[in-house]
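To start, the structure itself, in structure tokens.
Counting starts at 1 for both ligands and their atoms, in listed order. Residue numbers start at 1 and run along the sequence shown.
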Amino acid sequence: MNNQKAILYLIFLIMTSCAEQKEEPIVVYSYVEEPHSYAKPNNAFIEHLNLDITVDFKNERIRGTATYDIVSNNSTQIILDSKHLEIDSVTADGKDTEFSLGANDKLLGQPLTITIDKNTKKIAITYKTTKDTEALQWLKPQQTADKTNPFLFTQGQAILTRTWIPIQDSPQIRISYEARVKVPKGLMAVMSAENPKTKSDDGLYQFQMKQAIPSYLIALAVGDFEYKAISDRTGVYAEKSMLNRVYEEFSDMENMVSAAERLYGTYAWEQFDVIVLPPSFPFGGMENPRLTFATPTVIAGDKSLTSLVAHELAHSWSGNLVTNATWNDFWINEGFTVYFEMRIMEALYGKERADMLALISRQDLDDELDNLKDTPNATKLKLNLKGKNPDDGMNSIAYDKGYLFLRTLEETVGRDKFDAFLKHYFKEHAFSSMTTEKFIPYLSTNLLEKNKVNFNVDEWINQPGVPKNQAIINSDRFKNVEQTLQEFLASDKINNEVTTDWTPQEWVHFIRNFPQTMTDDQMKTLDKIFNLTNSTNSYIQMVWYEQALNHDYHGKNIDSKIQEFLVSVGRRWYVETIFKAFKRNDRTEDALKIYEKSRPNYHSVTASTIDDLLGFEPDQEEVKNIE
Ligand SMILES: [Zn+2]
């Protein structure tokens, strides 16, 4: 379905009293008010992008031309979002046209207003990125796995695509795209589109994304990597030294796609590949359609952290197919995705494993509710992020409260009915956007009233905290873990046979539940028996290092291990957790010393979070460039 068809619109005919005048249809598009974009899509919107760019590693710039097919509602201008871009020239249907860049907002950037007439079909913008461009991370060979070639990746979500392409950067505006990307010879380029499987001889790559997607899902990675197919429609990209490990780790991907399709309908994007990026990638994964971007920290060697792939795959329905209309509706993307992720994990690995993941989600939610206890409005599913960075809403509320809401609904109406509802929801709203306000009556009509069920939907969505009617999540395996911990605390002894078949999730549960009264000797004992400080599982490392800071534990050279971890890994969740522990335990000075070394390795998304957390001021030069 193309963009226009996907948009619900009303046509009002203006009937004039004068018979000689022509009847002019005025189309009123139903884009909703969007606090994080300057675009006025009800007047004029973009429909298709043809991107022609050169990736210049030497100067760390992308330059080229973005040509758009546009639809204008008799408008004399079209407004795009732009941030830290140099705009060289703009044409409308091939002729130079006037354009202006408005005042710069630190968060939103500048509106790029382009003069058009009511017949304009195409606009073309020739531009360059600058060194302040936040979406791009340029990595030196040293920062990659193979250490021989530079690497570039983009991160568009939430409002960063406008920092590498001038665009209407709102999740409710969908476009198809094609691209011609020139990179240095010997490197490969991939996008959220139909991708090459081998390198080109001349460094030139062509891409096509036929389905209409929101701008935050346009993505590009350039580096020295290779492809290995898992099945006809799944496979992995990684640097040479990692390719086989990545392939083994993700070898269940085809089974995951099949399991997901059995749940909620046909996979709409044909190909599902994953590219493993260098460790500075700020997220666990990013659900760029056809090609998920992933952190190497999930390559644990035992498939124990692959729920991340299930999560990104689930986004192929919730998020990529049915998209939150604004960032205030972020739970529409993430709550559904966590729910779907759990269902995929259950289908593939059984209820026991899914229960553990669900209980971890429940505990993450409790921690977040505690973090946000002074700002209860931030614990509503429907947010109000006007004037704030949409990243502020990317916390456990959207993910884990959203999940708990949907799981409670499932348990209330029964799984079969809930599954039928979800399948229909995805099908009916495919390739369109969803607001919370539109979802509520849809849910009432199609699930609750139909099944004569009373449910406090408004309390879940528009009130702070978690309502009393909530699914109770239990895990027998976690109960055993808790018992093992209690026995250890009482006796200082632990039988390591009990722990031999523990998954990292059980280890995480064990470690996270250390009481404040845990002694240094007890920490030492555990470290001696299980060598936790030198764990190679990033998830266990994160929680163990956090507890080491909470308990002022310094054994086994752990301080240098923590530093090494923070300098090499840029995954925001991990580094934020550890830096928070430094701060909580009055060691902000130590944290700042490490941060000075680690910050150059972080993507802007991670750096801006940690800057705020530690009160770090980037040096004058950088400040000047940001303003
Ligand atoms: Zn997600």
Metal site the Zn ion (ligand 1): N/O/S of E312 inside 2.8 Å: no
Check: E249 and T306 side chains under 4.5 Å, non-hydrogen atoms: yes
R343 side chain reached by E410 side chain, heavy atoms, under 4.5 Å: yes
Polar contact flag, side-chain donor to acceptor under 3.5 angstrom, R572-T609: yes
Residue pair D273 / N195, side-chain donor-acceptor N/O under 3.5 Å: no
Heteroatom of H311 nearest to the Zn ion (ligand 1) (N, O or S, atom name): NE2
Considering only N, O or S atoms of E334, the one closest to the Zn ion (ligand 1): OE1
